[in-house]
Number of protein chains: 2
Amino acid sequence: MPHDGEWAATTKGEATAARIRAVALDQFSQLGFERVTMGGIAKAAGVSQPALHYHFEDKAHLWRSAMLGLRAVIQEEERLIEAAADAPPLTQLRVAMRLFLQISWKHPALGRIVALEGMAGGERLEWLDRHLLGARNRRLAAIAAEAVAAGDLLPYPPEQMVVTLQTAAVGVINLAPLMRTTFDCDVAAAREIHDDMILEAVLGGFLTEKGRRAQEEAQ
Amino acid sequence: MPHDGEWAATTKGEATAARIRAVALDQFSQLGFERVTMGGIAKAAGVSQPALHYHFEDKAHLWRSAMLGLRAVIQEEERLIEAAADAPPLTQLRVAMRLFLQISWKHPALGRIVALEGMAGGERLEWLDRHLLGARNRRLAAIAAEAVAAGDLLPYPPEQMVVTLQTAAVGVINLAPLMRTTFDCDVAAAREIHDDMILEAVLGGFLTEKGRRAQEEAQ
DNA sequence: AGCTTTTCTGATTTTGTAGTCAGAAATTGG
DNA sequence: CCAATTTCTGACTACAAAATCAGAAAAGCT
């Protein structure tokens, strides 16, 4: 029962399929779709190249299957955001940003792939929007709009704020190679400082006076 | 005298070479190095594919030559930053961010290429660091460090602040296709609002109380 | 105009990679 | 332990794109 790419029982095949997915996710995120070769994935996964075509119909299917491994992560995030739906919108945003940072450190592939495909456009971006990120991002924009309406956030377009917050949050994570080349510094070493910087300085910068007071009270 | 890729006089050859460079820069920034084909560039530039190999030794040389077209832009930016070297560091940072935004709108290719190569690492990133961006970015980090020392900026690592500010600034510009797909909105339409958001909310978020007062006075 | 140099093209080679297929090896179920 | 099924490999094809080269066309010069 090859070519499905779904989560079957714990058979031998599913084990290697999972290994292939993991390697593929890693490589796709570091290099982008085109630079990755089936042969390279096969080698890193310790199988022959045709084995990939046994488990996954073609390169595009493998890419999607690798992405689906992140769907559970996103869905859990959406669940946790929704769980805070009764809190004030500003609190929801902070929760969402905390979760986003957590996910970005644990699954750096996600942010890099969004950056790669989000710049290029095309069918892979549309797939990501439809199956992984669209609903989440539109929900976040809605929350940001509420926070603006409540007078807690500066009145900028919510979509731009959400995307700017996210790109700022993953900036140095995505650009780890650049940070090393230009500054010879390792970002992952200063994770707590970075998270604090994003939450306090960047998210903090979008708060109105009222929002700042509300946040101080909440602590 | 082929294969040099330098700026000669206004001969027939240099005209087509320039056309090729322009097309190449455009395509490289939208698609990344690998997705771009010599044939595609040739077609868009209205020449045959071997003509590219006449003017540029190979694909890598063409890429570098196209990048060098941006060097004048960066050098002018560095010059303008240096011209403000006597002002307080916070003012220099604001000037630098304004220039960065200006360049990002005028040459969106630059930010996209930095994002692409800065995530992937490799020799093209090292080339960019050495010939285009390294000096500028290290200079900015030094200015940020001064601003921290002066008590105007929150005490986060200057390198992280600089890169975070830049990624935040180009976020929605780079991710224009994503903004369209997910939110059906056109970023370029709201350029002034975006620039204001970056300067006031994002850069503003990094200011200390003292920094905020200093900035209000300066106006 | 006639010669030289620059600029470019058509045809071709070379290379790297996606995808196919027959059959071997391993695994599973009876 | 044997047969059926799943899993995987080696050898191969197909193809797209980079790079090469001999020579044609164009531009420049005297």
Side-chain angles (χ1 to χ4, degrees), chain A residues 1-28 30-67 120 122-124, chain B residues 1-28 30-67 120 122-124:
Chain A
M1 204 179 299
H3 275 190
D4 54 8
E6 293 304 323
W7 302 86
T10 314
T11 91
K12 177 83 187 304
E14 181 48 35
T16 61
R19 206 169 63 243
I20 292 169
R21 267 192 295 265
V23 170
L25 182 64
D26 196 54
Q27 297 208 4
F28 280 132
Q30 293 202 25
L31 305 169
F33 187 81
E34 333 290 330
R35 263 192 263 209
V36 172
T37 70
M38 298 295 268
I41 296 173
K43 198 171 179 184
V47 291
S48 71
Q49 186 254 18
L52 270 57
H53 287 282
Y54 171 75
H55 289 286
F56 309 96
E57 192 172 331
D58 58 19
K59 198 177 172 183
H61 277 79
L62 172 53
W63 184 89
R64 288 196 286 270
S65 188
M67 290 307 122
E123 58 179 19
R124 283 194 298 278
Chain B
M1 206 177 295
H3 275 191
D4 55 7
E6 294 305 323
W7 302 85
T10 313
T11 90
K12 176 85 187 304
E14 180 48 36
T16 60
R19 208 170 60 245
I20 291 169
R21 267 192 296 266
V23 170
L25 182 64
D26 196 55
Q27 297 207 5
F28 280 132
Q30 293 200 25
L31 305 169
F33 187 80
E34 332 290 328
R35 264 192 264 208
V36 171
T37 69
M38 300 294 269
I41 296 173
K43 198 170 180 184
V47 292
S48 72
Q49 185 255 16
L52 303 205
H53 286 283
Y54 171 75
H55 290 284
F56 310 95
E57 191 172 332
D58 58 19
K59 198 178 172 184
H61 277 80
L62 172 54
W63 184 88
R64 288 196 285 269
S65 189
M67 289 308 121
E123 59 180 17
R124 282 193 298 279

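Note that these values count all heavy atoms, side chains included, but never hydrogens, waters or copies made by symmetry. So that the names make sense, note that chain A is the first sequence line, chain B the second, and so on, each numbered from 1.
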Nearest-angstrom distance from the residue atom [atom1] of [X] to [atom2] of [N]:
| X | N | atom1 | atom2 | value |
| --- | --- | --- | --- | --- |
| A/Arg19 | D/dC8 | CZ | C1' | 11 Å |
| B/Lys43 | C/dC8 | NZ | P | 20 Å |
| B/Phe56 | C/dT7 | CZ | C1' | 13 Å |
| A/Ile20 | D/dC8 | CD1 | P | 7 Å |
| A/Ile41 | C/dG16 | CD1 | C1' | 15 Å |
| B/Trp63 | D/dA17 | CH2 | C1' | 20 Å |
| B/Leu52 | C/dT9 | CG | C1' | 12 Å |

Scan nucleotides 18-25 of chain D against the protein and return all N/O pairs shorter than 3.5 Å with their distances rounded to 0.1 Å.
{"residue": "D/dA18", "atom": "OP1", "partner": "B/Val36", "partner atom": "O", "Å": "3.4"}
{"residue": "D/dA18", "atom": "OP1", "partner": "B/Met38", "partner atom": "N", "Å": "3.1"}
{"residue": "D/dA18", "atom": "OP1", "partner": "B/Lys59", "partner atom": "NZ", "Å": "3.4"}
{"residue": "D/dA18", "atom": "OP2", "partner": "B/Met38", "partner atom": "N", "Å": "2.8"}
{"residue": "D/dA19", "atom": "OP2", "partner": "B/Lys59", "partner atom": "N", "Å": "3.1"}
{"residue": "D/dA19", "atom": "N7", "partner": "B/Gln49", "partner atom": "NE2", "Å": "3.1"}

OP1 or OP2 of [N] less than 4.0 angstrom from a side-chain nitrogen or oxygen of [X], does that happen here?
| X | N | result |
| --- | --- | --- |
| B/His55 | C/dT6 | no |
| B/Thr16 | C/dC8 | yes |
| B/Tyr54 | C/dT7 | yes |

With a cut-off of 3.5 Å and sequence neighbours excluded, list every side-chain donor-acceptor pair involving residues 40-49 of chain B.
none

- [ ] For B/Ala60, enumerate each residue passing the side-chain contact (heavy atoms from CB on, under 4.5 Å) test, keeping only those at least two apart in sequence or located in another chain.
- [x]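 B/Ala60: side-chain contact (heavy atoms from CB on, under 4.5 Å) contacts with B/Asp58, B/Arg64.
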- [ ] Please list, chain by chain and in numerical order, all residues satisfying side-chain contact (heavy atoms from CB on, under 4.5 Å) with B/Ala17, sequence neighbours excluded.
- [x]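 Only B/Glu14, B/Arg21, B/His55, B/Phe56 meet the side-chain contact (heavy atoms from CB on, under 4.5 Å) criterion with B/Ala17.
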Task: With sequence neighbours excluded, residues passing side-chain hydrogen bond (donor to acceptor under 3.5 Å, both in side chains) with B/Arg124 - done: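 With sequence neighbours excluded, B/Arg124 shows a side-chain hydrogen bond (donor to acceptor under 3.5 Å, both in side chains) to B/Glu34, B/Glu117, given in chain and number order.
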Open item on the list: Restricting to non-hydrogen atoms, name the atom on B/Phe28 and the atom on B/Lys59 that form the minimum distance, rounded to 0.1 Å.
Closed with: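 What the structure gives for the nearest pair is CE2-CE, 4.2 Å.
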Task: Gap separating the CG atom of B/Leu25 from the CG atom of B/Leu62, nearest 0.5 angstrom - done: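 The CG atom of B/Leu62 is 10.0 Å from CG of B/Leu25, to the nearest 0.5 Å.
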